[in-house]
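Below, chain A is the first sequence line, B the second, and so on; all start at residue 1.
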Amino acid sequence: DLPNEIIEHIFSHLDFANRCRMRLNKRLCGIERGMKKPLEYRERLMIRGERSTTDLKIWTKRHFEIVSFSQAIFLLRRFSHIFKFGTIVVDQITILFSLYKKRHYYYSFQCCDFRDRNNFPSHFDRSTICHLMQSSYVVKILRICSSLKSEDLMHIFESAKNTMNFCGIVLRIPRKTARKFVNDFMGEEYKVIFQHEILQSLTFHITCSRKKQSYVILLLMVNVALFTSYCRLRKARYGEWKRRRDSS
Amino acid sequence: RIYPLMRVTLTTSDGASVTVSRQLTKHSGFIEKAITDMAVDDNAVPLSAVAVDVDDATLKLVIEWLTEHRDDALPYPEKTDEERRADDIPAWDQAFVQKWDTKEDQQQTLYAVITAADKLDIKGLLDMTCKTLANKINGKTVEEMREILQLECDFTEEELAEIRKENAWCEN
């Protein structure tokens with residue numbers, strides 16, 4: 001049998017699809033799980049939906065597949081198992097995974113679904129978000145995560161503080177949930193600030209800093225953005241989308 | 001640094017001895033360390049012996065590769081993830097590996113050379129052989145990969161179902 005280091009060396013020369021398939025037994029599965037190497041520079045991984053279908057297309061340099069939307073969400077977990085992402089952004093119906101590289105090089109993973117757009121944020125529950133945080137530096141979920149409760153936010157907040165190398169998370173949540181989060185879990189001094197922020201700009205930031213190995217100060221930022229009127233905005237957006245659809 | 005006068009005798013695991021120029025062995029971290037540990041004066045002692053845990057047939061292949069690459073720059077350049085690629089194997093190396101493919105035990109030979117390169121700490125050879133194996137695996141189905149690597153499936157039914165579900169998008 002080849003030693004683990006050599007298997008890892010071989011894994012490092014395989015693209016994403018082949019690395020997924022290389023989990024041939026428990027040992028290889030364990031080695032692959034332990035590796036957190038980003039895609040090679042020549043590989044570009046993209047998942048994108050089309051307007052006419054709920055299917056999604058996945059591209060890598062040598063690979064092209066069509067998958068269902070639920071499968072794409074499943075893959076999201078899979079990708080975060082394998083790759084270390086610089087930034088994960090979930091915006092509207094697009095997921096953009098950026099593998100932060102020096103020299104300003106990025107990889108992107110995009111996932112779109114035009115029919116299931118309203119159900120999209122429901123896929124991002126507490127465990128999924130925490131899982132993404134462990135594999136990235138920044139997580140931004142710019143759709144409203146209506147399924148999250150205030151205790152989930154607290155759990156995410158604590159996880160963010162305890163996850164090494166994690167720099168920040170941006171979530172959009174219903175205003176009611178954010179208020180409850182502040183009231184239930186924040187100290188008095190924060191409550192004043194946050195209530196003020198909620199009233200003034202309807203956003204608040206939780207910022208704290210910590211030292212890593214005495215050299216690097218990481219800024220841990222939890223930025224919970226609130227919507228002024230969740231229902232009204234949603235209705236307005238739906239109207240806008242409907243108008244666009246009719247006009248097209 | 002060149003060692004034109006010094007030669008090294010390598011004793012293989014099956015008892016054979018091969019004498020090679022120090023110019024070749026400088027590429028092997030293991031042999032260099034062994035010589036350094038013996039505190040050999042390069043100019044004063046023309047010959048030193050090192051035991052290597054590699055069989056004679058494999059060592060001959062390693063020496064053949066080292067002879068071709070004797071003038072390669074040292075240290076072997078460490079490549080970042082961005083620079084790493086599997087399709088840049090030099091033509092001579094490709095022909096060298098192709099030669100093994102005519103043998104019955106081609107896979108075993110490749111494995112033996114990979115293991116030897118690892119044991120002798122020859123980074124260039126290790127990198128090339130790993131790329132070769134990666135290229136063999138690339139694009140194959142799970143069953144074909146299993147056959148190439150001669151691996152048994154030890155997953156439970158549940159674990160196998162989980163992996164199949166995860167891999168559904170990329171399995172042919």
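The CG atom of B/Leu151 sits 6.0 Å away from the CG atom of A/Leu24 when rounded to the nearest 0.5 Å. The line from CD of A/Glu5 to SG of B/Cys130 is 11.0 Å long, rounded to the nearest 0.5 Å. Put simply, NE2 on A/His9 and NZ on B/Lys123 are 10.5 Å apart, with the number rounded to the nearest 0.5 Å. Distance CE/B/Met145 to CG/A/Leu28: 10.0 Å, rounded to 0.5 Å.
The backbone N or O of A/Lys26 lies less than 3.5 Å from a partner atom in the side chain of B/Asp154, making a donor-acceptor pair. In terms of modelled atom types and a separation under 3.5 Å, the side chain of A/Asn18 and the main chain of B/Gly139 share a donor-acceptor contact.
Neither the backbone nor the side chain of B/Gln150 has a heavy atom closer than 4.5 Å to any heavy atom of chain A. Proximity to chain B (any heavy atom under 4.5 Å) is shown, for A/Ile10, by both the backbone and the side chain.
Options B/Thr129, B/Ile137, B/Thr115 differ in how many heavy-atom pairs under 4.5 Å they form with chain A, and the most are formed by B/Ile137.
Shortest non-hydrogen contact noted between B/Val142 and A/Arg21 is CG2-O, 3.9 Å. Across all their heavy atoms, A/Met22 and B/Leu149 have their closest contact at SD-CD1, 3.7 Å.
Taking 4.5 Å as the limit, every side-chain heavy atom of A/His13 sits out of range of all side-chain heavy atoms of B/Asn138. For the pair A/Leu2/B/Leu133, a side-chain contact is recorded, criterion being any heavy-atom separation below 4.5 Å from C-beta on.
Atom CD of B/Glu147 sits in a sparse spot, with 12 or fewer heavy atoms from other residues, nucleotides or ligands closer than 6.0 Å.
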